[in-house]
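Scroll down for the structure; my scribbles are underneath it.
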2 protein chains.
Amino acid sequence: MNLIDREASKHDDAARAGWMYYVGGMTQDQIATALGVSRQRAQRLVSRAMVEGLIHVRLEHKIGACLGAEAALKRRYGLNEVRVAPSLGPGGDSARATASVAAELLETYLARAEPQVIAFGTGRSLSAMVAELSPVPTDRHKVVSLIGNIAPDGSASFYDVILRIADKLHVQHYPMPVPVLSETAEEREMFHALGPIQSVVALARSADVIFVGIGQMGDDAPLYKDGFVTREQLMEFQARGATGELVGCVFDEGGAYIETPLTARLGGVRIEPGRATPVIAVAAGASKVAAIRAALKGRLVNGLVTDEATAAALLLS
Amino acid sequence: MNLIDREASKHDDAARAGWMYYVGGMTQDQIATALGVSRQRAQRLVSRAMVEGLIHVRLEHKIGACLGAEAALKRRYGLNEVRVAPSLGPGGDSARATASVAAELLETYLARAEPQVIAFGTGRSLSAMVAELSPVPTDRHKVVSLIGNIAPDGSASFYDVILRIADKLHVQHYPMPVPVLSETAEEREMFHALGPIQSVVALARSADVIFVGIGQMGDDAPLYKDGFVTREQLMEFQARGATGELVGCVFDEGGAYIETPLTARLGGVRIEPGRATPVIAVAAGASKVAAIRAALKGRLVNGLVTDEATAAALLLS
DNA sequence: GCACTGAATGGGCAAATGCTCATTCACTAG
DNA sequence: CTAGTGAATGAGCATTTGCCCATTCAGTGC
């Protein structure tokens with residue numbers, strides 16, 4: 001038996017065990033007996049099924065408090081579309097909490113009859129959202145990336161939100177084959193002068209819906225941790241009031257973009273404030289509150305998926 | 001606090017606890033602390049969330065053996081669309097197993113851009129399927145019932161597959177407001193002569209997709225247990241070779257309809273063999289194998305959602 | 001053939017869970 | 001006000017689950 005078959009059958013077993021456990025409500029002992037394996041192995045299979053995302057869980061009930069927070073956020077910040085996921089408590093992973101709710105929202109756009117062009121940023125929140133998507137094939141929509149997919153080290157693997165969506169939904173997909181951050185402004189211009197890239201950029205600009213993450217600009221800002229800016233640059237940004245970041249573009253606490261040496265080297269498409277079409281941020285967590293508030297104030301986004309604790313913080317003050 | 005609020009907040013708590021448990025992976029102790037209730041109460045909330053269907057679980061991986069069975073069934077019976085759910089073992093509830101898989105298949109039709117007219121029969125399998133549907137609103141489709149919704153005792157509650165779908169999806173819905181089984185053939189004709197009912201019948205006949213359950217005709221046939229036929233009638237049918245039943249219409253082991261005294265009194269729309277559009281049966285369980293095989297042979301249906309054990313039985317002999 | 005390495009396995013145990021049951025609580029009818 | 005009724009509660013306990021760890025196993029390099 002070759003390696004691929006073995007991997008596949010392992011997945012099969014895990015899926016089967018997970019199905020029996022979560023759908024069938026069987027105990028791990030029963031599963032072990034049914035599959036002819038030890039109880040420990042059954043336990044491992046079940047837990048693997050969950051870890052590998054073979055099992056999707058979704059909540060089919062709007063909790064009153066979340067509905068209230070949604071309404072309040074809409075009113076307070078003049079948003080069109082808000083979803084608030086129940087909080088998972090202090091230790092919880094906020095990306096996980098938002099993921100399934102964000103996936104549900106995305107699915108409402110995918111369910112539309114009119115072909116939609118849907119643009120995506122990157123980040124952990126969006127990755128988690130995609131992992132929670134139901135893989136219902138829909139061939140009429142297009143998905144496009146707002147941000148370059150060539151990482152500093154040349155790999156494209158980390159920035160694959162688009163690819164994984166396309167894989168799940170079998171939609172036409174348009175990654176943006178430019179460096180996330182070019183070495184020089186000239187290099188950036190060179191890429192953007194290419195015809196195919198101009199089409200992708202045009203498509204992204206014309207998107208009917210946009211889903212983005214929001215990055216914070218504290219000392220552990222994603223931009224810094226992922227190696228796009230040096231510690232010195234980050235500190236300079238902070239000194240100039242950098243509060244958050246949207247597909248690489250840094251903004252201050254009023255949500256106004258800050259021009260930086262990076263600006264001219266950044267591949268991809270900047271999201272201009274006050275867009276008429278839905279621009280939905282998927283973001284939650286205490287560290288992101290200031291960044292989210294700034295983006296909302298500056299009308300960089302007009303929709304939000306977050307969790308209860310973050311919503312509460314955004315409604316304070 | 002009034003009764004409705006109390007019911008709602010109870011659901012809220014259950015949903016929240018279920019969310020924390022299944023999505024957040026918290027222990028019931030942690031949940032109890034977070035919600036400020038006893039551990040037992042947290043346990044009850046979590047289990048209530050599951051029982052009341054607030055939590056949906058879905059498997060995002062096709063198990064090899066199921067894929068194989070699907071292909072084999074397609075070939076053997078010339079079917080267009082087959083889904084096989086992993087078996088839940090001897091004690092498992094086959095309706096539960098098929099429900100989530102059937103819901104996924106239904107969602108692929110709902111995802112289509114062209115407005116679809118989707119017709120439904122009744123039964124436990126279909127009810128369970130609806131319970132598993134993701135409530136993504138889609139306003140372009142129509143759902144229509146193939147069978148009367150007036151039960152012998154005058155209640156309409158039991159036959160509400162259509163209503164619950166409409167409730168979830170906010171689609172236009174067309175129940176068939178005639179008795180499931182009229183007292184006399186004349187009464188049946190009277191109902192069907194009415195203009196509004198003729199439109200519903202016409203709509204049902206023109207359906208783009210049909211989802212039905214299949215009933216068996218053994219000694220505990222649904223038709224008998226639900227009080228539509230007497231024990232004597234059932235035995236007469238059996239003597240005449242009755243093997244299964246589709247929206248009330250009885251057929252023999254070759255899948256040919258049997259004319260009975262019931263035929264002329266049955267409200268709703270009979271499914272004619274060899275339809276070109278998808279006619280998908282959702283049915284599983286050892287007791288139904290003969291009925292399913294007959295329906296497949298007679299080309300009454302051209303699609304099937306079942307479970308592994310039933311698939312294996314259908315592929316035997 | 002043999003030693004090495006990392007993954008897989010199952011024993012064992014502490015933690016988590018589900019369930020039963022006696023008790024309490026809230027509400028109702030008299 | 002009081003007794004009655006049924007649902008909700010939490011204690012206690014048996015079962016189930018998650019996880020650590022020593023051991024085995026399969027594959028690899030020498």
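In what follows, chains are A, B, ... by sequence order, proteins preceding strands, each numbered from 1. Only heavy atoms go into these numbers, but all of them, side chains included; no hydrogens, no water, no symmetry mates.
- Side-chain atoms of A/Ser125 do not come within 3.5 Å of backbone N or O of A/Ala95 as any donor-acceptor pair.
- The backbone N or O of A/Ala283 lies less than 3.5 Å from a partner atom in the side chain of A/Thr306, making a donor-acceptor pair.
- Between the two ends of the helix from C/dG1-D/dC30 to C/dG30-D/dC1, each summarised by a five-pair axis, the helix axis turns through 30° (rounded to 10 degrees).
- In this view, B/Phe120 and B/Phe211 satisfy the ring-ring contact (aromatic ring centres under 6.0 Å, His included) rule, not counting sequence neighbours.
- Near DNA chain C, defined here as any heavy-atom distance below 4.0 Å, there are no residues from residues 49-60 of chain B.
- B/Ile31 has its CD1 atom 10 Å from the P atom of C/dG18, to the nearest Å.
- The list of side chain to side chain donor-acceptor pair (under 3.5 Å) pairs with a residue in residues 62-71 of chain B, not counting sequence neighbours, reads B/Lys62-B/Glu70.
- Remark: B/Ser38 is not in phosphate contact with D/dT9, judged by side-chain N or O atoms under 4.0 Å from OP1 or OP2.
- Between the side chain of B/Arg96 and the backbone N or O of B/Ala128, no donor-acceptor pair lies under 3.5 Å.
- Of the inter-residue distances, the one linking A/Gln43 atom CD with A/Gln28 atom CD reads 5.0 Å to the nearest 0.5 angstrom.
- Within the model, atoms CG of A/Leu73 and CZ of A/Arg83 stand 13.0 Å from one another, a figure rounded to the nearest 0.5 Å.
- Listed by chain and residue number, B/Asp29, B/Gln30 satisfy the side chain to side chain contact (heavy atoms under 4.5 Å, CB included) test with B/Thr27 (two or more places apart in sequence, or in another chain).
- When the P atom of C/dA16 is taken as reference, atom CG of B/Leu45 falls 18 Å away, rounded to whole Å.
- Going from atom CG of B/Leu163 over to atom CG of B/Asn149 covers 7.5 Å, rounded to the nearest 0.5 Å.
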Query raised in the report: What does nucleotides 11-24 of chain D look like as a protein-contact string, B for base, S for sugar-phosphate only, - for none, at under 4.0 angstrom between heavy atoms?
Result: BB----BBBB----

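- The structure places CG of A/Leu88 at 10.0 Å from CZ of B/Arg16, a figure rounded to the nearest 0.5 Å.
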